[in-house]
Amino acid sequence: MEFPAWYDLSHIWLPYAQMKAVRPPLPVVRTRGARLVLADGRELIDGIASWWTACHGYNHPRIRSAVERQLILMPHVMFGGLAHEGALTLARRLAALLPGDLERVFFSESGSVAVEIAMKMAVQYWLNRGIRGRTRFVAFKGGYHGDTTGAMAVCDPEAGMHALFAGLLPQHHVIDLPHDVETAVALSDLLEHHADEIAGIIVEPLVQGAGGMLFHDAAALRRLRTEADRHDLLLIFDEIFTGFGRTGTMFACQAAGVVPDIVTLSKALTGGTLPLAATVANSRVFDAFWSDDPARALMHGPTYMGNALACAAANASLDLFEREPRLQQVAKISQALAEGLEPCRDMSGVKDVRVQGAIGVVELGRIDDLDALRARFIAEGVFIRPFGTTVYLTPAFTISAEELATLTRAVVKVVGEIQRGS
Ligand SMILES: Cc1ncc(COP(=O)(O)O)c(C=O)c1O
């Protein structure tokens, strides 16, 4: 492809890439609905929605005009000593949408930081109650919670992307999710012996995303709630991927019928337009910080916390969830993904085909050349970015039936080619 004049990679460091070997990223000049427009005029149907953020498709006019209005009024003010309507309204709306008494919203700018804040809240919760030594977490194999050091330490330490750091990060208990008798006993044994050093349990509910698009059922989450209650531990749901309709309900915890003590949100919070994250705590957690003693305050305050542009985008995004039939669209996508990906099930190199909400996964036995596979999809006119052994689709909820069919046909075709070795 021809690259535009501005395309010079000599000063950029790309994400998750060996810079010596990385294939040049595609120059994108515009987005439109569920499509990426490249510098050479080609359009790709986007199967990933920019790391699962662009739930309403790109360039939704309602979000655009909300951000434009906000930009004229006030792009940003610091959150220390100043407050603004967008942030307070958004906090109130999130508290109303979330189940139970998840009602105190702490804003930040990225998912990883929201996880850091959740972990810090959990550790300080115990300190504020006068109990020292509860600094560790129970986390799960296959889990991914971000790239900052605290969050890295609760990712899967072996199969996860931060395996290089194994042994160098704070040590937590990373075990199997309790999905059968053996794993349930392992969890309760662990808590029986180590609860007094554990601050909380952290999990991505229903779907572990970047760790391999692995699904578990609600019973596992109910067990976690039961065990957390038995040992008086805090339960943290990381809904950064699963939140805002992706798994079929507004939040995965609702489908599971489990209310955590802390929930983290980001990604689709602003409909994929601006960086924003939230760590939402219940009253049990918040009350442990409520004191006459300044030392019990949560000492955290990111510079761009509660950014007014991002809050305007998030409020507009929530308007869209209220006014447009997003969850019905997710249900339709779910059905279309299940039908469209079904032909892969019988292919010899395919280990599993699974769908949950607007997440469709074809898991292969192995992928020899990820870059070549990614390039094959681009040649088919779609942007799909397999990782590990996983080919997955997480499209915008507004994608048309025809565009979605193009995505699933491309997966069936390209995975079929791998199977035939061509
Ligand atoms: C479940 C989960 N937690 C945390 C993160 C980290 O979010 P961010 O990339 O915004 O730091 C991600 C990102 O993929 C995620 O999927």
Side-chain angles (χ1 to χ4, degrees), residues 13-17 47-55 106-122 137 139-157 159-162 165 169 172 174 177 200-216 220-221 224 235-247 251-253 256 260 262-280 300 302-305 307 310 313-314 317 356-359 361 385-388 390 392-394:
W13 200 329
L14 297 166
Y16 307 118
I48 308 298
S50 283
W51 276 327
W52 331 315
T53 60
C55 55
F106 195 100
F107 287 117
S108 57
E109 336 81 331
S110 80
S112 301
V113 173
V115 169
E116 297 284 339
I117 293 166
M119 294 171 70
K120 186 166 165 180
M121 272 178 187
F137 288 85
F140 298 96
K141 291 182 187 166
Y144 171 81
H145 298 283
D147 298 341
T148 51
T149 45
M152 281 165 71
V154 284
C155 296
D156 187 319
M161 67 174 84
H162 305 306
F165 290 81
L169 297 166
H172 300 296
V174 184
L177 272 159
I201 301 174
I202 181 163
V203 67
E204 295 159 89
L206 295 186
V207 181
Q208 294 175 302
M213 299 290 164
L214 308 168
F215 301 172
H216 53 266
L221 301 171
L224 295 185
L235 182 60
I236 303 170
F237 277 7
D238 177 351
E239 293 237 25
I240 287 164
F241 173 41
T242 55
F244 304 103
R246 183 55 65 184
T247 66
F251 301 102
C253 61
I262 302 175
V263 67
T264 55
L265 306 170
S266 188
K267 300 247 185 224
L269 174 57
T270 62
T273 55
L274 285 153
L276 185 68
T279 306
V280 188
H300 212 96
T303 303
Y304 279 98
M305 176 174 186
N307 173 260
S317 175
Q356 167 86 46
I359 307 166
V361 183
R385 233 176 115 76
F387 65 92
T390 307
Y392 74 97
L393 296 173
T394 50

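Just so you know, ligand 1 is whichever comes first in the structure, and atom 1 is the first atom listed for that ligand. None of the values given here were measured: they were computed from a predicted structure.
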Check the angle between the aromatic planes of W52 and F241 and answer parallel, tilted or perpendicular using the 30° and 60° thresholds.
tilted
Minimum-distance pair of heavy atoms, taken over all atoms of M161 and Y16:
SD-CE2, 3.2 Å
Can you list the ligand 1 atoms lying under 4.0 Å from a non-hydrogen atom of D238?
1 (C), 2 (C), 3 (N), 4 (C)
Would you say G111 and ligand 1 have an N/O pair spaced under 3.5 Å apart?
yes
Any nitrogen or oxygen of W52, main chain or side chain, under 3.5 Å from a nitrogen or oxygen of ligand 1?
no
Please could you name the atoms of ligand 1 that I240 approaches to less than 4.0 Å, counting only its heavy atoms?
2 (C), 3 (N), 4 (C), 5 (C), 12 (C), 15 (C)
Show which atoms of ligand 1 fall inside a sub-4.0 Å distance from at least one heavy-atom site of Y144.
1 (C), 2 (C), 3 (N), 5 (C), 12 (C), 13 (C), 14 (O), 15 (C)
Going by heavy atoms, is K267 under 4.0 Å from ligand 1?
yes
Give a yes/no on ligand 1: does W51 have at least one heavy atom closer than 4.0 angstrom to it?
no
Which part of S112 is near ligand 1, with near meaning a heavy atom under 4.0 Å away: side chain, backbone, both or neither?
both
Nearest heavy-atom neighbours spanning S108 and I117:
CB-CD1, 3.7 Å
Hey, could you give me the CZ/CD distance between F237 and E204, rounded to the nearest 0.5 Å?
11.5 Å
Using a 4.0 Å heavy-atom cut-off, say whether E204 meets ligand 1 through its side chain, its backbone, both or neither.
side chain
